[in-house]
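Residue numbers start at 1 and run along the sequence shown. Atoms within a ligand are numbered from 1 in the order they appear, just like the ligands themselves.
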Amino acid sequence: MSSLLPIIWRSNSEEYEKARIGRVFNHRRPERSPLAVVAPTCTSHIIDTVLLAIQRECRISVRSGGHSWAAWSVRDDAILIDLGNFREISLDEKTGIVKASPSTTGRMLNSFLAEKGRMFAGGHCPDVGLGGFLLQGGMGWNCKNWGWACQSIAAIDVVTADGSFIHCGADQNSELFWAARGAGPGFPGVVTRFYLQSRPSFSHMRSSAYSYPKSDYRKAMDWVLSITADFDSDTEIAAVSSYPPGHDEIHITVLFVTFKNSEEAALKALQRAEDSHPAGTVGHWFCKSTSLEQEYNDQARASPEGYRYTADNAYICNDANVSEILEEAFTTLPSRKAFALWYSMAPVSRCPLENMALSMQSDHYFALYTVWEHKEDDERCQNWVKNIMRGVEIHSEGAYLGDSDFQVRGTRFWGEKEGIRLHDIRRKWDPLGTICGYLDAGDISGVNGLENVHEWVANVKI
Ligand SMILES: Cc1cc2nc3c(=O)[nH]c(=O)nc-3n(C[C@H](O)[C@H](O)[C@H](O)COP(=O)(O)OP(=O)(O)OC[C@H]3O[C@@H](n4cnc5c(N)ncnc54)[C@H](O)[C@@H]3O)c2cc1C
């Protein structure tokens, strides 16, 4: 075992506290207390840490970007592997495959790729780590048309739960490769490297936005729902409910971001929305020049550092009355910084998915991001989210792992057979439950994993 393992054992020290939660995005920090935190700088540190955990009969948790809303990386009595100092990015210019360490953020990756005329459709928030994001599937830029970010994973390197170092791809250790695209925080190993297919970058990123007062919620929503499925295929579409800075009233903003290589193509893509949007906007722009950097800055402003957060989400059934079901969420936000999102997923949601664990989707992605400052508001804000989700869940197929907290709500995260296969693979590759897995209430799920059912609905029936 390496004597140089960069490990900090549990203590009352500031150093331990910083290692425990310093890189956790959500300032509603957990009390949970890992046995130790290791900040590896090389693969052998990761292997040594897994072997140490086996020897001590304790669990391993992993942190890449620290952005899971429920701080999944912070687990009682586990050894936390914090990959923040484990860094690698390099591009094979011939194939466009970029090798990146899991703590690489979307902004880091795209700043690196931009110099080479390429991009990767990573997460919208600049600072989300590739590790958590890709393992869940990854709802990246223009996901509705380009598909899930994990579909661009060509291969991964993994330290397994028994401390072996292996390469996984379509032809090698393909079971783990299957699981890595959709297992989320239940992946039974530590990913040390992603091999990602990048794409050529776009010279003309443009956006349009149409803001309406809350009283026009139905008008705005019905309009965007009517044009989204066959809209231009390089354009992503979202509707957001928020209090814009300086306003005392909720606004509903419909946003279009297009990725093109000429002004003419961008204008053509966005014209349909410009021509069809309902009258009555309180704010509006058309085909404005933007960039990934600018979009990242806007996203960072919407989800600022240093706040308390809770998130939940649902894939609303394709045939549901979406405007009606989301109305309460969109018009009753509990705090000035909270926002509700509808994100168009069609037409990708209608295409058969690749053979991978990710297997839950619908045309309509709905998420709540509740943001507040003070502990006194925890209960009120969390209850608001729970109440909204109680009404919405029955109209949903399931949910996305990335915006979920299994301590609060268990639901369907995979198709039935994919859920069963995933849990079989987890048991096979980590029979002792060395890797922490899904953080449910009391952190007891272990090798059993998640039930993959609408638990609230199931409990009502009982
Ligand atoms: C502000 C904000 C914006 C977001 N925007 C988006 C978005 O646009 N699209 C989207 O899809 N999601 C988005 N998310 C959700 C985000 O993708 C998830 O929270 C994701 O888990 C964060 O990944 P991370 O590596 O930063 O988190 P971490 O907390 O570091 O990791 C989460 C968990 O994933 C597992 N994990 C991470 N790395 C590894 C690894 N190397 N090996 C094995 N297991 C690992 C571990 O269980 C870990 O605890 C957003 C989240 C935030 C806070």
Hey, which of I81, V74, L80 is the one that makes side chain to side chain contact (heavy atoms under 4.5 Å, CB included) with S61?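 Of all the options given, the one that passes is L80.
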Residues which pass ring-ring contact (aromatic ring centres under 6.0 Å, His included) with Y16, listed by chain and number, not counting sequence neighbours: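 Partners of Y16 by the ring-ring contact (aromatic ring centres under 6.0 Å, His included) criterion come out as none, since no residue qualifies.
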F366: ring-ring contact (aromatic ring centres under 6.0 Å, His included) partners, not counting sequence neighbours: none
Pi-cation contact, W456 with R409 (under 6.0 Å, within 45°): yes
Might you confirm whether atom CD of Q294 has over 12 heavy atoms from other residues, nucleotides or ligands at distances under 6.0 Å?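 It does: Q294 CD has more than 12 such atoms within range.
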List in chain and number order the residues that pass side chain to side chain contact (heavy atoms under 4.5 Å, CB included) with A39, two or more places apart in sequence or in another chain; answer none if no residue qualifies. N85
Residue contacts for ligand 1, heavy atom to ligand atom, distance under 4.0 Å: F25, V62, R63, S64, G65, G66, H67, S68, W69, W72, S73, L83, P102, G123, H124, C125, V128, G129, G131, G132, F133, L135, Q136, G138, M139, P185, G189, V190, V191, S303, Y400, G402, D403
